[in-house]
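One-based numbering, in listed order, for ligands and for the atoms of each. Below, all heavy atoms of this structure are taken into account, side chains as well, without hydrogens, waters or symmetry copies.
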Amino acid sequence: MSEQLENLNRLPLRDDLRGLTPYGAPQLDVPILLNVNENTHGLPEHVRRAIVAEVESAVGGLNRYPDREFTQLREKLARYLGHGLVPENIWAGNGSNEVLQQILQAFGGPGRTAMSFPPTYSMYPLLASGTGTAYVTGTREADFSLTPESAAAQIRAQAPNIIILCTPNNPTGTALGLDVIEAAYEAGEASNAIVVVDEAYAEFSHADTPSALQLLPGRERLIISRTMSKAFALAGARIGYLAAAPQIADALRLVRLPYHLSAITQATANAALTHADALLSNVEDIKGQRDRIVRELTDLGLDPAPSDANFVLFGGMENPRAVWEGLLEAGVLVRDIGIEGHLRVTAGTEAETDTFLTVLRSLLPA
Ligand SMILES: *Cc1c(COP(=O)(O)O)cnc(C)c1O
């Protein structure tokens, strides 16, 4: 046992947290970072200036607590999402991870169960354990797809209190059809399950992949979770949000910390949403690089999963570890997400994709 773990274990830590490992994507100092699905384009200059101006005016009021209800932000997010949503449908937090944690605090907890379908986002089990919620898993087909019939049968068998469906799914990039979400919602009726659809990557979807936002009317147990970390290029600002029936937001008001969204965060998000079009202008470019990566990896004889996100999961390498190390040596960091034989790469700028593909090609047997 490491000394660090021994020191930790001397503390009166909760038993269900003993032996757990924190979330830890490596943060290495490498020229080309394609490992955590960030938007590598950065913020346009005029949006930077707009954010600085809005933050500057918020600084004058920092002696006061911020608007606890982040009213302006909820208005702007409702308008951005469309689908007839109003501010009462919106809730936000410091990243969608905080929003997910609040959902688990309100609807999970001791004696309750959250269910997801791996391989999926590695934070779900950690958020479950942090809130004392049991975590159970369903299974997917070998190509990472999930049929409505299979999802419904597995949900009926486990009767979870919370179902988390990630689409487009991290780390596979694959999207679920709306029929899967509808089937999961109906199958969850017996256990009165909250169904969370994590759409962190929705903006990168192909035009014919619809958002589950259109399923919200008449489904009060359905929650669509979104983030400004990916398409909006604001991972560092920590802003995530959801759309759902107004009573869902009321439930989360019971568990949120007072004034959880700082005035600085609200100012940043408000300014960014005023310039949503400019911030999202790189999305088409990123989608183009994503489709190019899928195409070129296929041509190289590798096995990329179809992707609706800003990253690609690919297999078909004889020695993925050697490929990961070879890329790193050349200054390109990709992610080994622990799926046997696979690596995941973020679609960055055209130049970053050029370098990734060139180095990768040199590492594969001729
Ligand atoms: C990146 C990501 C998020 C976003 O997390 P934030 O806390 O909003 O930065 C949420 N869900 C999934 C599946 C992700 O990959």
Peer 1: What's the shortest distance from atom 11 (N) of ligand 1 to any protein heavy atom, and which residue and atom give it?
Peer 2: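 Scanning the protein heavy atoms, the shortest distance from atom 11 (N) of ligand 1 goes to Asp198 OD2, 2.7 Å.
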Peer 1: Please list, in number order, the atoms of ligand 1 under 4.0 Å from a heavy atom of Cys166.
Peer 2: 13 (C)
Peer 1: Distance check, rounded to the nearest 0.5 Å: Asn35 atom CG versus Leu343 atom CG?
Peer 2: 11.5 Å
Peer 1: Roughly how far apart are Glu38 CD and Leu33 CG, rounded to 0.5 Å?
Peer 2: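 Nearest 0.5 Å value for the CD-CG distance: 6.5 Å.
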Peer 1: Tell me the contacting part of Ser96 for ligand 1: side chain, backbone, both, or neither, using a 4.0 Å heavy-atom threshold, strictly below.
Peer 2: both
Peer 1: Could you tell me which atoms of ligand 1, counted from 1 in the order shown, lie closer than 4.0 angstrom to a heavy atom of Ser229?
Peer 2: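 Here the atoms of ligand 1 in question are 6 (P), 8 (O), 9 (O).
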Peer 1: For Phe107, is the NZ or CZ atom of Arg112 found under 6.0 angstrom from the centre of its six-membered ring and inside 45 degrees of the ring axis?
Peer 2: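 Not flagged: Arg112 not positioned over aromatic ring of Phe107.
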Peer 1: Report whether Val255 and Ile248 are members of the same hydrophobic cluster (ILVMFWY, side-chain heavy atoms less than 4.5 Å apart, transitive linking).
Peer 2: no
Peer 1: Between Phe204 and Phe311, is the ring-ring contact (aromatic ring centres under 6.0 Å, His included) condition met? List the steps.
Peer 2: CA-CA 10 Å; Phe204 300 107; Phe311 56 85; 8.8 Å; no
Peer 1: Just heavy atoms, cut-off under 4.0 Å: does Lys230 contact ligand 1 by side chain, backbone, both, or neither?
Peer 2: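 Side chain only.
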Peer 1: Just jot down the ligand 1 atoms closer than 4.0 angstrom to any heavy atom of Ala200, in number order.
Peer 2: 2 (C), 3 (C), 10 (C), 11 (N), 12 (C), 14 (C)
Peer 1: Give the atoms of ligand 1, by number and element, whose distance to some non-hydrogen atom of Gly95 is under 4.0 Å.
Peer 2: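 It comes down to these atoms of ligand 1: 6 (P), 7 (O), 8 (O).
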Peer 1: Under 3.5 Å, is there a donor on one side chain and an acceptor on the other for Thr174 and Asn169?
Peer 2: no
Peer 1: Relative to atom 5 (O) of ligand 1, which among Thr227, Thr167, Asn97, Asn94 owns the nearest non-hydrogen atom?
Peer 2: Asn97
Peer 1: Flag Arg238 as yes when one of its N or O atoms lies below 3.5 Å from any N or O atom of ligand 1, and as no otherwise.
Peer 2: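 Indeed, backbone or side chain, Arg238 has an N or O that close.
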Peer 1: Quick check on the 6.0 Å ring-centre criterion: do Tyr241 and Phe70 meet it?
Peer 2: no
